[in-house]
2 protein chains.
Amino acid sequence: MISKACQYGIRATIFIVSRHHDGVKLNISEIAREVDAPEAFMAKILQVLSKHRIITSLKGPYGGFFIEDFQLEQPVIKIVNAIDGMSVFEECGLGLKQCSASHPCPMHDQYKIARDALQNAFLHTSLRKLAQEVNEGDSFIKNLALKKSESC
Amino acid sequence: MISKACQYGIRATIFIVSRHHDGVKLNISEIAREVDAPEAFMAKILQVLSKHRIITSLKGPYGGFFIEDFQLEQPVIKIVNAIDGMSVFEECGLGLKQCSASHPCPMHDQYKIARDALQNAFLHTSLRKLAQEVNEGDSFIKNLALKKSESC
DNA sequence: TTAATAAAGGATAAAAATGTCCTTTATTAA
DNA sequence: TTAATAAAGGACATTTTTATCCTTTATTAA
């Protein structure tokens with residue numbers, strides 16, 4: 001559905017947004033640890049996100065990754081687009097290049113419903129909104145699968 | 001979303017169903033050619049479908065692949081399950097093992113809508129129904145992306 | 001019983017995705 | 001200016017997916 005790299009990217013971004021206060025910067029090893037991703041792989045992904053201006057990075061001591069105010073309202077789909085591209089939302093379910101609304105394959109209509117629902121899920125969720133739902137706590141990753149209202 | 005192997009499998013099955021009359025059997029090379037898949041890879045996939053009793057195969061001269069009457073009403077999801085498994089319909093969008101209805105991640109509700117839509121697309125479409133929509137013609141693959149009503 | 005035919009199945013190869021290691025570049029404080 | 005720190009980036013390794021090749025097994029007709 002969506003690549004592992006992309007999932008790591010979304011998790012990392014949510015983590016960064018959830019720690020967005022007063023000039024806090026996070027380094028690769030901390031991010032990788034908290035979102036449960038291999039460090040060097042996480043580094044590559046953060047690089048992509050930074051180049052796409054989804055997050056911001058600074059080199060050197062006191063550097064790291066963080067998110068700026070103007071970046072908070074971006075929809076998650078920007079992450080998907082940066083890492084996986086938009087093809088999941090566009091391609092035919094049977095892998096037919098000829099398939100389109102005017103030349104539909106037998107699964108087209110049903111499949112399009114699912115594809116569009118997926119696109120909407122990522123399009124209508126902003127980074128800020130996602131991070132709002134995250135609980136405080138020792139382990140980011142454990143609290144990620146736990147709505148704020150349902151905190152233990 | 002769904003693997004290439006699985007797409008080949010669905011296309012092959014639609015092709016076989018669309019040729020389902022009076023003891024017609026199709027061999028690997030013909031199927032592979034018509035659904036535009038590499039022959040040896042197609043063979044492996046047909047083997048899986050045959051073992052799962054989604055289609056039927058017979059060895060030897062006058063052998064080949066075909067579908068029996070009792071197999072026509074199977075939903076396409078059986079093919080997906082045989083080749084990719086059911087994990088696409090079950091796993092968390094952010095790749096979290098802890099995520100569930102009672103412990104939802106911030107994307108859970110939105111993502112579930114898309115996941116369920118995908119599952120329904122495959123669950124509520126039978127092989128027979130799919131093949132019904134396919135046009136007659138020289139090239140199966142070209143006519144696949146063309147509803148019967150819109151035939152040229 | 002033999003030759004021919006077609007799928008089954010094992011082994012291997014190529015490509016893509018994931019993951020790792022190490023060097024370079026930028027920035028900071030001393 | 002130097003040493004330390006952290007991201008950028010290049011090269012490589014591993015794993016998974018996709019694809020190919022070749023041998024074996026089953027079936028048929030002659």
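Residue numbering restarts at 1 for every chain, and letters A, B, ... go by the order of the sequence lines. Any value given below was found using the heavy atoms of this structure, including those in side chains, with hydrogens, waters and symmetry copies removed.
For the pair A:Lys4 and C:dG19, the criterion of a side-chain N or O lying under 4.0 Å from OP1 or OP2 is met.
Pairing for C:dA3 is with D:dT28, a Watson-Crick or G-U wobble pair whose two hydrogen-bonding atom distances lie under 3.5 Å. Across all strands shown, D:dT14 forms a Watson-Crick or G-U wobble pair, both distances under 3.5 Å, with C:dA17. Searching all strands for a Watson-Crick or G-U wobble partner of D:dT20 with both distances below 3.5 Å returns C:dA11.
Residue B:Lys25 is classed as having no contact, given no heavy-atom separation below 4.0 Å to the nucleic acid. Among the protein residues, B:Leu58 comes within range of the sugar-phosphate backbone only, with heavy atoms under 4.0 Å from sugar or phosphate atoms but none that close to a base. Residue contacts for A:Ile28: at a heavy-atom cut-off of 4.0 Å it reaches the sugar-phosphate backbone alone, with no base atom in range. Heavy atoms of A:Tyr62 sit under 4.0 angstrom from primed sugar atoms or phosphate atoms, though from no base atom. Residue contacts for B:Leu26: at a heavy-atom cut-off of 4.0 Å it reaches the sugar-phosphate backbone alone, with no base atom in range.
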Worked check of side chain to side chain donor-acceptor pair (under 3.5 Å) between A:Gln71 and A:Thr56: CA-CA 9 Å; A:Gln71 295 171 315; A:Thr56 304; 3.1 Å; yes
Residues B:His20, B:Asp69; criterion side chain to side chain donor-acceptor pair (under 3.5 Å); working and verdict: CA-CA 9 Å; B:His20 166 70; B:Asp69 288 333; 2.9 Å; yes
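With DNA chain C read from its 5' end, the first of the two nearest nucleotides for A:Tyr8 and B:Ser50 is the one closest to B:Ser50.
Shown here is B:Lys112, whose NZ atom has no more than 12 heavy atoms of other residues, nucleotides or ligands within 6.0 Å.
Judged by distance alone, with hydrogens and angles left aside, the side-chain atoms of A:His52 form a donor-acceptor pair with the main-chain N or O of A:Val48 at under 3.5 Å.
Protein chain B touches strand DNA chain D; the 5'-most and 3'-most nucleotides with an atom under 4.0 angstrom of its non-hydrogen atoms are D:dT18 to D:dA29.
Taking CG of A:Leu58 as the reference point, atom CZ of A:Phe66 lies at 4.5 Å (rounded to 0.5 Å). The distance from atom CZ of B:Arg115 to atom SG of B:Cys92, rounded to the nearest 0.5 Å, is 8.0 Å. Rounding to the nearest 0.5 angstrom, the gap separating the CD atom in B:Glu91 from the CE atom in A:Met1 is 10.0 Å.
Per the geometry, CZ belonging to B:Phe41 stands 19 Å off P belonging to C:dA11, to the nearest Å. Residue A:Ile2 contributes atom CD1, which lies 15 Å from atom C1' of C:dT18 at whole-angstrom precision. The nearest whole Å value for the distance from the CD1 atom in A:Ile45 to the P atom in C:dT20 is 11 Å.
A donor-acceptor contact under 3.5 angstrom links the side-chain atoms of B:Lys44 to the base of C:dG10.
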